[in-house]
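Here is the structure we will look at.
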Amino acid sequence: MTGKIAVLPGDGIGKEIVSEAVKVLRCLSEDFGLEVEMEEALVGGTAYDATGNPLPEETLNLARASDAILLGAVGGYKWESLDISLRPEKGLLGLRSNLELFANLRPTFLFPQLVHASTLKPEVVSGLDIMIVRELTGGIYFGKPRGVRRLENGEREGVNTLIYSESEVRRIGKVAFDIAMKRSKKVCSVDKANVLECTEMWREVMSEEARNWPEIELSHMYADNTAMQLIREPKQFDVIVTTNMFGDILSDAASMLTGSIGMLPSASLDKNNKGMYEPVHGSAPDIAGKNIANPLATILSVAMMLRYSLDKPQMAERIEKAVSAVLDEGKRTADIWTQGTQRVGTSEMGNAVVAALRRQI
Ligand code: IPM
Ligand code: MG
């Protein structure tokens, strides 16, 4: 047995895209000998509707007992007025923190076939290959105190806390440096050291840790400048390492360089490389149930799962090759469609990837 996978489709387009990714896993197990066991559970708004909890105990236990987790997306208009502690997003954040998935890898790469789907000029984006390493279980997302309180004068005051311990910075730094050693050995650490003491310390700790990695070329950049540089000259970056919130924002920005956020996978790993795999995009409630969402980010997340948690790099390559072949055939979901290509729906795209995989037999 290669591993047990917890399948958590979640909300919105989550169900549609995850079922395409499951088709791919089934194909790998039927035709290529991958031995996996899959079990499904509820998370997010769907879980709240069924149980009153966005992260039911049962789901957390299943996630704990699995070698890897495949997640669709959480959230939707329907649950926006709930108390923040019950919102779908809490399901996702609870999985990240309970399982200590502190290292979020968000590769941003451009399939050459999609150069024209980007809103940026082809010469700016072609050949792009960035790895964003986002700290995922600390920072302002989890810092205390947090909340909204009523002041004596009757007005409300909201507070969130940006907090990092040295060891949290060091461990995410190590992940980034380790990844960079297998790439161009360049790491850019992103902070706001000119304003925030917490990230001034972040910068110091990154520099200290880098001394243990003599081959790594470490640079530092402010988050606002990084947002600009990502659009101006994205190819200057290789590995970016940053805080939870800056990583959230910059990874969305970076995704658009590739034409569509619908193409980008992610991995969230603990210290033993157990991981949760999900597309970078959200639950897109506006297009849910219409069979138009792009399942490729989720399918590519399965490839990351095979590479990082299940130690099946060849199977990962098979998936990536199959996706590339489908793009070569000219098949495109609405988000990446351009003149002269063939528009397909979510399930047609999944079927096409499975067909391309079968051609590899
Ligand atoms: C992401 C998402 C989440 C985040 C939300 C859904 C809680 O935007 O994974 O980037 O903010 O981390
Ligand atoms: Mg985000």
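Every heavy atom of this structure was used, including side-chain atoms; hydrogens, water molecules and symmetry mates were not. Index from 1, following the sequence. Counting starts at 1 for both ligands and their atoms, in listed order.
Electrostatic pairing of Asp67 and Lys274 does not count as a salt bridge here, judged by no charged N lying under 4.0 Å from a carboxylate O. Contact check on Asp11 versus Lys15 returns no salt bridge, with no Lys/Arg side-chain nitrogen under 4.0 Å from an Asp/Glu carboxylate oxygen. A salt bridge does not link Lys185 with Asp238: every distance from a Lys NZ or Arg NE/NH1/NH2 to an Asp or Glu carboxylate oxygen is 4.0 Å or more. Salt bridge annotation for Glu317-Lys321: absent, with no cationic side-chain nitrogen under 4.0 angstrom from a carboxylate oxygen.
The closest approach of Asp248 to the Mg ion (ligand 2), by N/O/S atoms, is made by OD1.
Contacts of Met245 with ligand 1, taken as heavy-atom pairs under 4.0 Å, are absent altogether.
In terms of protein heavy atoms, atom 10 (O) of ligand 1 is closest to Asp248 OD1, 2.9 Å.
Each of the following atoms of ligand 1 lies closer than 4.0 Å to a heavy atom of Tyr141: 4 (C), 11 (O), 12 (O).
Proximity of His281 to ligand 1 is not established, as no heavy-atom distance is less than 4.0 Å. Heavy atoms of Arg96 approach ligand 1 to within less than 4.0 angstrom. Proximity of Arg106 to ligand 1 is established by a heavy-atom distance of less than 4.0 Å.
Centroid-to-centroid, the aromatic rings of Tyr164 and Trp202 come within less than 6.0 Å.
At under 3.5 Å, not a single nitrogen or oxygen of Glu89, backbone or side chain, sits near a nitrogen or oxygen of ligand 1.
Within 6.0 Å of atom CE in Met245, 12 or fewer heavy atoms from other residues, nucleotides or ligands are found, so the atom counts as exposed in its surroundings.
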